[in-house]
Every structure is written in C-alpha cells, then in structure tokens.
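Keep in mind that what you see is a predicted model, and the values were worked out from it rather than measured. Each chain gets a letter, A, B and so on, in the order the sequences are listed, and its residues count up from 1.
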Number of protein chains: 2
Amino acid sequence: MDQVEIFKALSNKTRLQILNWLKEPEKNFPEQSDGFANGICVGQIQQKAGLTQSTVSEYLSVLQRAGLVSSVRKGQWTYYKRNEETFEILSRMIQSDI
Amino acid sequence: MDQVEIFKALSNKTRLQILNWLKEPEKNFPEQSDGFANGICVGQIQQKAGLTQSTVSEYLSVLQRAGLVSSVRKGQWTYYKRNEETFEILSRMIQSDI
DNA sequence: AAGTTATATCGGTTTTTCCCGATATGCCAA
DNA sequence: TTGGCATATCGGGAAAAACCGATATAACTT
C-alpha cells in the first residue's frame with residue numbers, strides 16, 4: 001500500500017476516467033457482449049479512451065500496480081475491474097494518516 | 001477543486017511528510033516560539049525537510065494551489081496550516097466520485 | 001537610507017511522466 | 001503450422017516535475 005504510488009496513479013485525467021467508467025460497466029461499455037462478471041477488456045477501454053492500445057495497456061498496469069484495479073486473463077482477453085477495497089482503505093487513510 | 005491537481009500535490013514523499021507534520025505542530029515544530037495559531041512558518045518546515053528554501057517554498061505553494069493548506073503573512077513570515085476541509089471533501093470524493 | 005532576515009520567483013539541469021509507433025507474446029482457429 | 005486477433009513490452013520524443021543556486025521582493029531594524 002504505497003501512498004505515493006497510489007496518488008501518482010490517480011494524477012492523470014484519463015486514468016481517473018477509466019476508474020469512473022469501471023464503476024458502471026453495463027452503462028459505460030454496452031458493446032461488451034460476454035457479460036461483466038470478469039470486468040472489462042482492454043480493447044473496450046481503449047476505444048472509449050481514444051488513446052493508443054499501448055498507452056491504455058500501460059495505464060491499466062499503473063492502476064493495477066497501485067492496487068486500484070485487478071485483472072483476469074481469459075483466453076486472449078484481459079479483463080480489468082475496480083478493486084473497491086483499495087478505495088475504502090484510501091478514503092480512510094486520508095482521514096487518519098495523511 | 002481540481003482532482004488531478006490534488007492528487008499531483010499528494011504524489012511526493014516530502015509534501016506528504018509536510019502535511020503530516022502540520023497535523024501536530026506543537027510536537028513537530030517545538031522550535032517555533034511564537035505560538036501555533038497561525039500555522040508554521042516556511043523556515044521551520046524547510047529545516048525539517050532538509051531541502052533548500054526555494055524548493056520548500058515551491059512545495060508549499062503546490063499544496064496551497066491544491067487547497068490542502070492555507071497561508072497567512074505576518075510581518076516577514078508566512079505561516080502555513082492544513083486546510084482540513086479539503087481533506088474531508090477529498091475523502092468523500094474518493095468514496096463517491098472516483 | 002542601508003543592512004538584515006524571511007519568503008518568493010527565475011533560470012537551469014536531471015529525472016519522471018505522457019503518449020506514441022513498432023515489435024513481441026499468448027491464445028485461438030483453420 | 002500458419003495466420004489473425006488481443007494484449008504487453010520496448011524505445012523514444014516532448015512535456016512536466018523535482019530539485020538546485022541566484023536573485024528579487026517585502027518587512028523589519030537601526
């Protein structure tokens with residue numbers, strides 16, 4: 001739980017948007033046809049973000065290293081979803097630690 | 001209340017330390033002889049941070065632009081203190097917005 | 001007015017971040 | 001096993017951040 005790493009991950013407009021989109025996958029990624037239980041795959045996120053595939057892939061691993069999302073590989077797809085526990089811890093950390 | 005600006009301000013170890021020191025001014029800045037009501041002056045913070053005066057001054061204005069601290073000028077000193085309201089808003093923002 | 005002290009700002013070097021295109025890897029299908 | 005698709009990684013150019021030393025400003029002192 002590296003504070004600086006978390007705040008760096010959150011210091012980017014696109015990454016904040018991605019996290020926000022992942023709060024309501026059904027609403028924000030209606031194109032995804034294979035359910036939402038695993039999360040959302042990189043391609044869907046990339047399309048919505050309007051940045052290149054490499055950039056979005058990199059952004060997602062920044063978020064993952066910070067513990068803000070988790071990923072599952074299924075076949076050729078990697079699905080990302082929010083890790084709500086980290087947000088709760090972070091919120092409490094701001095109230096008590098920082 | 002610019003989210004990215006706040007998170008950038010928090011993305012630095014020294015700045016996080018400064019915010020933490022300012023939680024308990026009496027404990028962390030016992031050298032300050034003129035009371036704590038106004039906050040802590042730049043020189044005290046600089047000494048504790050071990051960075052140059054210009055760097056610490058710059059850091060404090062980064063924190064101020066993000067709304068995390070406020071400052072008062074008194075004579076030749078500028079006193080900084082935490083702006084607790086921003087931390088509360090931030091904590092809630094993480095629970096609901098982000 | 002001239003000197004001293006506290007802070008802010010300016011100009012610069014080094015490191016980090018942003019974002020890209022190209023390439024590698026992993027998985028599936030024919 | 002060849003080809004295609006999804007994702008990851010690599011190398012790099014441009015912009016921003018992390019510092020610094022030098023200088024400016026502002027206020028106080030004598």
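- Looking at heavy-atom distances under 4.0 Å, B/Y79 makes no contact with the nucleic acid at all.
- Summarising the geometry, the separation between CH2 on B/W77 and C1' on C/dA8 is reported as 16 Å, rounded to the nearest angstrom.
- The CD1 atom of A/I18 lies 8.0 Å from the OH atom of A/Y59; values are rounded to the nearest 0.5 Å.
- B/W21 and B/F29 have perpendicular rings, their planes meeting at more than 60° on a 0 to 90° scale where under 30° would count as parallel.
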What side-chain donor-acceptor pairs closer than 3.5 Å can you find for residues 65-74 of chain B, not counting sequence neighbours?
| unit_1 | atom_1 | unit_2 | atom_2 | d |
| --- | --- | --- | --- | --- |
| B/S71 | OG | B/Q64 | NE2 | 3.0 |
| B/R73 | NE | B/G75 | O | 3.3 |
| B/R73 | NH2 | B/Q76 | O | 3.2 |

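- The line from CZ of B/R82 to CD1 of A/I98 is 8.5 Å long, rounded to the nearest 0.5 Å.
- Distance check, rounded to the nearest 0.5 Å: CG of B/L63 to CG of B/L16 gives 8.5 Å.
- For the atom pair CD1 of B/I6 and CD1 of B/I89, the computed distance is 8.0 Å after rounding to the nearest 0.5 Å.
- Residue A/E85 places its CD atom among 12 or fewer non-hydrogen atoms of other residues, nucleotides or ligands, all under 6.0 Å distant.
- In this structure, CG in B/L90 is found 10.0 Å from CD in A/Q95, a value given to the nearest 0.5 Å.
- DNA chain C lies under 4.0 Å from no heavy atom of any residue of residues 8-20 of chain B.
- Rounded to whole Å, atom P of C/dA6 lies 10 Å from atom CD of B/Q47.
- Using a 4.0 Å cut-off on heavy atoms, the residues of residues 51-75 of chain B that approach DNA chain C are B/Q53, B/S54, B/S57, listed by number.
- In this structure, A/Q44 atom CD and D/dA6 atom C1' are separated by 12 Å, rounded to whole Å.
- Summarising the geometry, the separation between CD on B/Q76 and P on D/dA27 is reported as 10 Å, rounded to the nearest angstrom.
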